[in-house]
Amino acid sequence: MLEYIRSNSQSLGVKLAFGLIILVFVFWGVGSMKDRGAGNVVAMVNGEPITVRDFELAYRNAEESVMRNNPGATREQVRQGLGRQVLRDLVSQSLVRQEAASAGITVTPLELRIAVGQVPAFQNAKGQFDPEAYKRVLQMQRITPAQYEHDMSEDLLRQKLFALVTAAAWHDPAEAQNRYNFLREQRVPDYIFIPAADFMANAKPSDAEVAAYYDSHKAEFAIPPKVDVAYIRISPENLVKPEAISEADARKWYDANLSRFNQQEEVKAAHILVPLAEDAAEADVKKAQETAAGIEKELKSGKSFADVANANNGPNAAGPGGELGWIKRGTTVKPFEDTAFALEPGKVSAPVRSQFGLHIIKVEEKKGGDTQPFASVAADVRKAIAKEQGADKLRDVLDNLIEDNILGKPLEKSAQALGLEAQQTGMASAQELQQKMGISAEAAASLEKTPANSPVDRALEAGDAYVVARVLKAEPASTAPLEAVKDKISARLQGEKALAEAMRAATEHRKNLADGSINPTVKTGMGIKTANPMDRSGSLADFGADPELAAALFHAKVGQWLPAAFAVNSPKDGQGAVLVHVGAVQPPDPAEWDMIKDIMVNAVERERLQGMYETFMQRLLSTAKVEVHNMDIVDRKNM
């Protein structure tokens, strides 16, 4: 990219493009992100400060990012440990900056401008940098240009340091296939199942054993405290009704927010992929091209695209029929994107090469690329206005409801006056309160401790809403009496005794089993069954997954019986003991390896590079002098 710019520095297009980018950067600038005044430091890293402003800005961005990605999470849940993670990230960033400086690595303003200009979200339909899109996208993410440019610069610096540190990395070309062989090897197990049900009749516990179990396990039969809570749930959406918004107001808001209704261009596509490595040898390229030509011939003969795709695509190439679903610009590799968006619906492309191989693409539908008319979004506009107006009213409504609640006014009447609905939980534990009211574990625990007929003097967060609550009744924690749980305990002890007897019987039976191959006739006579091939993370037959059993199976040699019995559970036959024999080893499928070889090689190479870089960062951290001066800010105490 830099070479292209140098060689075309007099190009009018390049001058205009950079003129737009420079205008944006000159207007905002990268800005100074430091405030090193005394008493304003959260931590020091080798003498370099992480200021309160640094930390608060990073924390706010991290918190908003987590909230966006986890819509159901409360702020209390998000904040658990977040401050320490943010501090760790800032310490790592400081170490990267310091190490880059000592190595003479920098990020120039030109490199930063080029990197920002190449972000698809900031480009117009022609792939050119668009200052308006740049501002609009950052505003939607609530990030300032200065902060974005600072973060981008830090990321570019890290990438350069990563490249320098990992330049000497090497991995054995055979490592990927060895790992694949290890992961995909399967064992064919034979097994004898001894059901615990055969021993149930003689395993019934005595009353004394049931009572002893109850006395030593009373915590299992604890009944948690319960409360009955009356509450009103308030959110901006239920304070203003969308239908109350006039058409004139809705149109005015629509015109002022037109950018929200720009439909991004999308295509619904399917493809047939002929895998081909990016650096494939000429012979492999020719072979892939011949395969693609054969596929094109099939399509031209009248066969359906879906049938040909199913016959030629690998297991991870696409969905049934080659389906890829709806694709937006900037979400796939550029050669594929350019071809797909240029095709008319119903048309099929010639083979297109990307780093994944040769794609034959079919576009089924297209949509977007224009502004949605008011008539089609009027309902959404009214909802958005209602939400905004509701947010403006929210604080006053909460204050009034809390005041009424403290004064002892019935919540039903307060709710009716505002067109809201009062609800009641019935007797519920803290966990049930979380589910019914949508509140956090901390809020539910506080309600659980509130006395009967007591108002809560603050609003409780419940996702995007708030709750005003009063505890009507309260019951303390207790323990279920023995008579109420006697049958449950008896059934549990009987099952445990029967399983123990099945394991004992299996252990005795194992002494009479000899290693070696098993004659089919002998198998039938001894009740030995053969299960489907099993991989390292799989399950034996329909028994639940058992990592220890799987590890033992893959550690043993063909023809060996595992030395010990395993307790298992089957949906069909219940609990029991199983003895397992290694019947055969089933090697991986060579055809599957050929299909995913490039993916595995790349994954192993990335893992090696990442491991090398992480070791380097650990060394930096272990030798760094890190002093934390304000842990209260990090842990959000009193905040």
Side-chain angles (χ1 to χ4, degrees), residues 178-206 209-210 212-213 216-217 220 487-589 592:
N178 291 339
R179 185 178 301 187
Y180 169 80
N181 290 341
F182 176 84
L183 293 173
R184 294 296 291 162
E185 180 187 86
Q186 293 184 314
R187 297 290 172 105
V188 180
D190 303 313
Y191 68 95
I192 299 172
F193 176 62
I194 300 174
D198 291 352
F199 305 90
M200 289 291 277
N202 298 318
K204 190 170 182 180
S206 66
E209 288 175 317
V210 171
Y213 184 93
S216 60
H217 294 80
E220 293 183 21
D487 291 343
K488 180 180 178 181
I489 295 173
S490 181
R492 180 180 303 176
L493 292 178
Q494 187 174 13
E496 289 176 359
K497 279 189 170 187
L499 179 59
E501 284 299 308
M503 289 291 288
R504 185 195 59 74
T507 301
E508 287 299 314
H509 191 30
R510 171 65 185 88
K511 296 175 182 177
N512 301 317
L513 297 173
D515 291 337
S517 60
I518 306 173
N519 183 286
T521 304
V522 174
K523 274 189 182 183
T524 303
M526 294 178 63
I528 300 173
K529 296 180 180 179
T530 299
N532 290 329
M534 175 179 165
D535 61 30
R536 293 177 188 272
S537 60
S539 304
L540 173 67
D542 66 344
F543 303 116
D546 185 333
E548 289 187 16
L549 191 159
L553 182 67
F554 278 83
H555 182 72
K557 295 179 180 178
V558 175
Q560 283 186 334
W561 283 93
L562 301 189
F566 289 85
V568 292
N569 192 12
S570 162
K572 178 183 175 183
D573 300 314
Q575 288 185 312
V578 70
L579 295 167
V580 183
H581 173 264
V582 184
V585 173
Q586 187 167 300
D589 180 2
E592 184 184 62

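- Atom CG of Leu562 and atom CG of Leu513 lie 11.0 Å apart (nearest 0.5 Å).
- Applying the side-chain hydrogen bond (donor to acceptor under 3.5 Å, both in side chains) definition to pairs two or more places apart or across chains, those involving residues 519-537 are Asp190-Lys523, Asp190-Thr530, Asn519-Thr521, Lys523-Thr530, Asp535-Ser537.
- Distance CD1/Ile194 to CZ/Arg504: 9.5 Å, rounded to 0.5 Å.
- Using a 4.5 Å heavy-atom cutoff, the side chains of Glu220 and Arg492 are in contact.
- Between Met534 and Ser539, the closest side-chain pair of non-hydrogen atoms is not below 4.5 Å.
- The side-chain hydrogen bond (donor to acceptor under 3.5 Å, both in side chains) pairs that include a residue from residues 540-562 are Asp542-Ser570, where partners are two or more places apart or lie in different chains.
- A centroid separation of 6.0 Å or more is found between the aromatic rings of Phe543 and Phe566.
- Taking both residues in full, the closest heavy atoms of Ala584 and Val558 are given as CA-CG1, 4.2 Å, listed atom of the first, atom of the second, then distance.
- The NE2 atom of His509 sits 4.0 Å away from atom CD1 of Ile192, with the distance rounded to the nearest 0.5 Å.
- At a threshold of 4.5 Å between non-hydrogen side-chain atoms, the residues Val210 and Ser490 count as touching.
- Ala498 and Ala203 get closest at one heavy-atom pair: N-CB, 3.8 Å.
- Closest non-hydrogen pair, Tyr191 versus Ala541, comes out as OH-CB, 3.8 Å.
- The side-chain hydrogen bond (donor to acceptor under 3.5 Å, both in side chains) search around Gln575 returns none, not counting sequence neighbours.
- The structure places CZ of Arg184 at 10.0 Å from CD of Gln586, a figure rounded to the nearest 0.5 Å.
- Taking the charged nitrogens against the carboxylate oxygens, Glu209 and Lys497 do have a contact shorter than 4.0 Å, which makes a salt bridge.
- Take Arg179 and apply the side-chain hydrogen bond (donor to acceptor under 3.5 Å, both in side chains) test, not counting sequence neighbours, and it matches Glu175, Glu607.
- With sequence neighbours excluded, no residue forms a side-chain hydrogen bond (donor to acceptor under 3.5 Å, both in side chains) with Asp198.
- When all heavy atoms are compared, the tightest approach of Ala567 to Met503 is N-SD, 3.6 Å.
- Scanning all heavy atoms of the two residues, the minimum distance from Ala502 to Ala577 falls at O-CB, 3.6 Å.
- Taking 4.5 Å as the limit, every side-chain heavy atom of Leu540 sits out of range of all side-chain heavy atoms of Leu553.
- Rounding to the nearest 0.5 Å places CG of Leu183 at 11.0 Å from CG of Asn178.
- Val580 approaches Pro189 most closely through the heavy-atom pair CG1-CB, 4.0 Å.
- Between atom NE2 of residue His581 and atom CG of residue Asp515 there is a gap of 6.5 Å, rounded to the nearest 0.5 Å.
- For Asn512, there are no side-chain hydrogen bond (donor to acceptor under 3.5 Å, both in side chains) partners, not counting sequence neighbours.
- Counting heavy atoms from C-beta on, the side chains of Ile518 and Met526 never come closer than 4.5 Å.
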